[in-house]
Amino acid sequence: MTAPFLVAPIPSLPDFPGHVAQYHIMLNLDRSRFLQDFYDYKWTLTGNLGDTFLMLLAGPLLGVERGAWAIAAAAPALM
């Protein structure tokens, strides 16, 4: 299941850009006046926060796009 991520620079997941945008806002909202003018980020306890929590760790280390790619590649193996 993880094999397609080894050859594709951008995974063919239709919701991937939305996740990357969410992660970017989450990680940069406190530093960007532009984002603060248009977005607000409120944590809500839901059933699928695993990727969001992983991004809190991976995002600062790998960057938003690489971190999202790594999480999406690891998800099938983790399940």
Side-chain angles (χ1 to χ4, degrees):
M1 290 293 219
T2 303
F5 289 92
L6 300 176
V7 295
I10 299 173
S12 61
L13 303 170
D15 61 343
F16 188 74
H19 284 281
V20 172
Q22 171 203 345
Y23 300 148
H24 177 78
I25 293 167
M26 176 183 72
L27 294 174
N28 295 299
L29 186 62
D30 60 338
R31 291 180 268 159
S32 171
R33 183 69 187 138
F34 178 78
L35 289 176
Q36 292 170 10
D37 287 344
F38 295 98
Y39 297 100
D40 189 20
Y41 199 87
K42 294 190 189 315
W43 285 92
T44 303
L45 192 58
T46 61
N48 57 350
L49 287 175
D51 61 336
T52 306
F53 287 133
L54 287 173
M55 181 51 72
L56 289 174
L57 300 172
L61 296 173
L62 301 173
V64 175
E65 291 180 28
R66 272 289 133 198
W69 184 92
I71 290 169
L78 293 174
M79 289 182 192

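None of these values were measured; they are calculated from a predicted model. Below, all heavy atoms of this structure are taken into account, side chains as well, without hydrogens, waters or symmetry copies.
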Checklist entry - Of the non-hydrogen atoms in G67 and A58, which two are nearest, and what is the gap between them? => result CA-CB, 4.3 Å

Checklist entry - So, for F38 and F34, which heavy atoms are closest and what is the spacing to 0.1 Å? => result CD1-O, 3.2 Å

With [X] via side chain to side chain donor-acceptor pair (under 3.5 Å) - residues at least two apart:
| X | result |
| --- | --- |
| D40 | K42 |
| Y41 | Q22 |
| T44 | none |

Checklist outcome for this item: Residue set satisfying side chain to side chain contact (heavy atoms under 4.5 Å, CB included) with L56, at least two apart, ordered chain then number -> M26, L27, W43, F53

Checklist entry - Does OH belonging to Y39 count more than 12 external heavy atoms closer than 6.0 Å? => result no

Within one Ile-Leu-Val-Met-Phe-Trp-Tyr cluster: [X] and [Y], side-chain cutoff 4.5 Å:
| X | Y | answer |
| --- | --- | --- |
| L62 | W69 | no |
| L49 | V64 | yes |
| M55 | L45 | yes |

Checklist entry - For D37, which residues count as a salt bridge (Lys or Arg N to Asp or Glu O under 4.0 Å) partner, sequence neighbours excluded? => result R33

Checklist entry - Sequence neighbours excluded, which residues qualify as salt bridge (Lys or Arg N to Asp or Glu O under 4.0 Å) partners of R31? => result none

Checklist entry - Can you find a pair of side-chain heavy atoms, one from D51 and one from Y23, that are under 4.5 Å apart? => result yes

